[in-house]
Amino acid sequence: MQKLLLLGAEAIAQGAIDGGMSGIYAYPGTPSTEITEYVQKNKQAKELKIHSDWSANEKTAMEAALGMSFAGKRAMVCMKHVGLNVAADAFVNAAITGVNGGLIVTVADDPSMHSSQNEQDSRFYAKFAMIPVLEPCNQQEAYEMAFKGFELSEKYRVPVLMRITTRLSHSRSGVVRSEMKTQNLLRLPSDRRQFVLLPSIAKVRYKGLLNSQLGYEQESENSEFNQYFEGENKKIGFIACGIAYNYLLENFPENDIKNPVLKIGQYPIPRKQIEKLLAECEQVIVLEDGYPVVEEMLKGYLANPKIKGRLDGTIPRDGELNPNIVAIALGMENAKDESIAPIVQNRPPAMCPGCGHIDVYKAMNEVLAEFEKGRVFSDIGCYTLGALEPFNAIDSCVDMGASITMAKGAADAGLHPAVAMIGDSTFTHSGMTGLLDAVIENSCITVIISDNSTTGMTGGQNSHAFGRLKEICLGLGVAPEHIREIVPLKKNHELIKQMIREEINYQGVSVIIPSRECIQTAKKKK
Amino acid sequence: MTNNIILAGVGGQGILSIAATIGMAAVKGNLFIKQSEVHGMSQRGGAVQSHLRISDKPIASDLIPMGKADIILSVEPMESLRYVPFLSENGWIVTNTSPFINIENYPELEKVLETIKTRKNHIAIDADKIAKNLGSARSSNIVMLGAASPFLDVPFGDLEEGIRQIFENKGEETVNKNLEALRLGRKFSQENK
């Protein structure tokens, strides 16, 4: 078969297409966006009518994927790690309902927070929901896990979580394809009560999930993705999960590793192999990117001193792994220690010159200069960069949609003005329900929906808000005279200021919608 | 044979098209390749890097270990200095001398260039000027690729072929301009090595 040069994210997409997927559901989020984009652009996927339109948020995506599974077809839902927080209700309960058609939940974690607000580890979520996990170490494995993951899901009638990290998602390598499978036919669940989680049914299903755990474990013990490599030096053994395996190998360029190594790519962790490794080695170093999930399980509350890793300082407690960190953990002499010349200055990301958000911030800052600082609640998107110099314009960025609700809470506490700064796509992701809360109580908040008509930070995906922001706000009950639209351009600077000032003075909910297309997407259209 | 290349620049400068050309040439030569990119927030005018590894043996890590890079190929002078901890003892810095100034505290260019010149192995080339003289200002990237080409274990013809493929649908003139840019960059390095 032909070899393709694919990002890890793209390898997953190709594996899912070839594995007989009928639909992919997602909201864009770095480092997961490229999975869905690949399916959207893929010619074969188009011909096969594989669903690939964006969803409003990760929860709606997860539920739609579950619906496709209900109908007997294979579905994938993709998100970044914090997206799983949004989808968590559906995710955890999908483990109880189980699946009909195969369902893979692909979650891309971001250790070192390259483009995120935390570095939470999705393997914890899978353990919490008690479902199997696949964690590839390279692009080829990413392809194969997506390809075979549907079968694993259908065999145990349970969702499977596929966990990758930024590094693998955004790294390219050669991938060999397998022969394409056909999609499932429409086929309803044999038990019509399977998906009805009334307590009486849920209790039965939950017992079923508990009883399946042993099967998942045996599946892991026999999985091709978990491999035990014998080694004569039993002073130290290694457990290497996912991409950490590459960093271990990198330190043995001649493939001359003398220690026993357990490579883990499928969870629950394979009990037999773990027991063998712990029995034959004096010490075990656990290498895993993200949280010390496996390490904590093995170390236990009584802190088995045999287990080394992030918890005892063998490896730093936070941040992404790399070959050098692993070299130090191995006690190997590390590379030369050259520092960067002091002349080199930081170059942080910034909003693009000409961006509409800049016009909004300039006007807002001038109006708010009359008040004490600490009145602007913001959100997730390009405009979050308004927290940096030269704007210093915002005082919060927590999660998708939190701008409006935090402004409301602060207003409830008596803060005035309380301004929410949110983007169009973030607004339809998770801002609308918060705005409804504010409307119900007529909270004294000023919401600025800075509309660039796209999902900008992730590269310009379609925004569900496009062309319907005003109607949504009206529908939620915002007074028509307090929904103000304007084009954020230099020539409108005074007008925007006037608008913001008037609406701040209004003792109720108002929404200002400065609307101008993202200059990056506009450039692409040329 | 293994080539470890750090590509450096500023988000939006298009280092990924350099990576794509080398990638294509590597695939054509049946080499193993791993290329780690930066997407997301840093792409908005921040410092960006890409780790590109090609080899005739399988490659383990997507990231180049510190001190193991053979080349830092930078399309911006200050950015070339950001990654020196990755450079091997005999590694080369191949950098553009035209600065991309989008921060207020950008250092004096003269001092940046002086610091680059203190490196044992360096090629400092005004790729923007060469590209402009060619009448193809956007080919500055390709001049830089040409400048790095003498240090790559990839046949020059395969790089040319990569250029042809990438610019194919932009017309013959664009293809030829970029091929010329590639050759001029290469010539400069060969003469100034």
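Here is the naming used below: chain letters follow the sequence lines, and residue numbers restart at 1 for every chain. Basis for what follows: all heavy atoms, side chains included, without hydrogens, waters or symmetry-related copies.
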Next item on the list: Taking all non-hydrogen atoms of both residues into account, name the closest pair between Ile340(A) and Leu81(B) and its distance.
Entry: CG2-O, 3.7 Å
Check: Taking C-beta and beyond as the side chain, do Lys34(B) and Arg172(A) meet within less than 4.5 Å on heavy atoms?
Finding: no
Checklist line | Non-hydrogen side-chain atoms of Gln35(B) and Ser173(A) separated by less than 4.5 Å | finding: no
Notebook entry, point to check: Distance-only, no hydrogens or angles: does the Asn324(A) side chain make a donor-acceptor pair with backbone N or O of Met66(B) under 3.5 Å?
Noted result: yes
Note to self: If we ignore hydrogens and angles and just use 3.5 Å, is the side chain of Arg167(A) paired with the main-chain N or O of Ser61(B) as donor and acceptor?
What the structure shows: no
Checklist line | Proximity breakdown for Glu34(A) and chain B, heavy-atom pairs closer than 4.5 Å | finding: side chain
Notebook entry, point to check: Using a cut-off of under 4.5 Å for heavy-atom pairs, which of Val344(A), Asn322(A), Asn251(A) has the most such pairs with chain B?
Noted result: Val344(A)
Next item on the list: Measure Val112(B) against the heavy atoms of chain A and call it side chain, backbone, both or neither at under 4.5 Å.
Entry: both
Margin query: Under 4.5 Å from any heavy atom of chain A, what part of Glu114(B) do you find: side chain, backbone, both or neither?
Written below: neither
Check: Would you call Lys68(B) and Glu250(A) a salt bridge, taking side-chain N to carboxylate O under 4.0 Å as the test?
Finding: no
Margin query: Quick check: closest heavy atoms across Phe100(B) and Arg347(A), and the distance to 0.1 Å?
Written below: O-NH1, 2.5 Å
Margin query: Which atoms of Leu321(A) are under 4.5 Å from chain B, going by heavy atoms: the side chain, the backbone, both sets, or neither?
Written below: backbone
Notebook entry, point to check: Less than 4.5 Å apart, any side-chain heavy atom of Glu37(B) and any of Ser171(A)?
Noted result: no
Check: So which pairs with a foot in residues 51-85 of chain B pass ring-ring contact (aromatic ring centres under 6.0 Å, His included), sequence neighbours left out?
Finding: His51(B)-Phe86(B)
Notebook entry, point to check: Side chain, backbone, both or neither: which part of Leu7(A) has a heavy atom under 4.5 Å from chain B?
Noted result: side chain
Item checked: Contact summary for Met78(B) and Ile343(A), nearest pair of heavy atoms -> SD-O, 4.3 Å
Checklist line | Heavy-atom pair with the smallest gap, counting every atom of Ile103(B) and Asn346(A) | finding: CD1-O, 3.5 Å
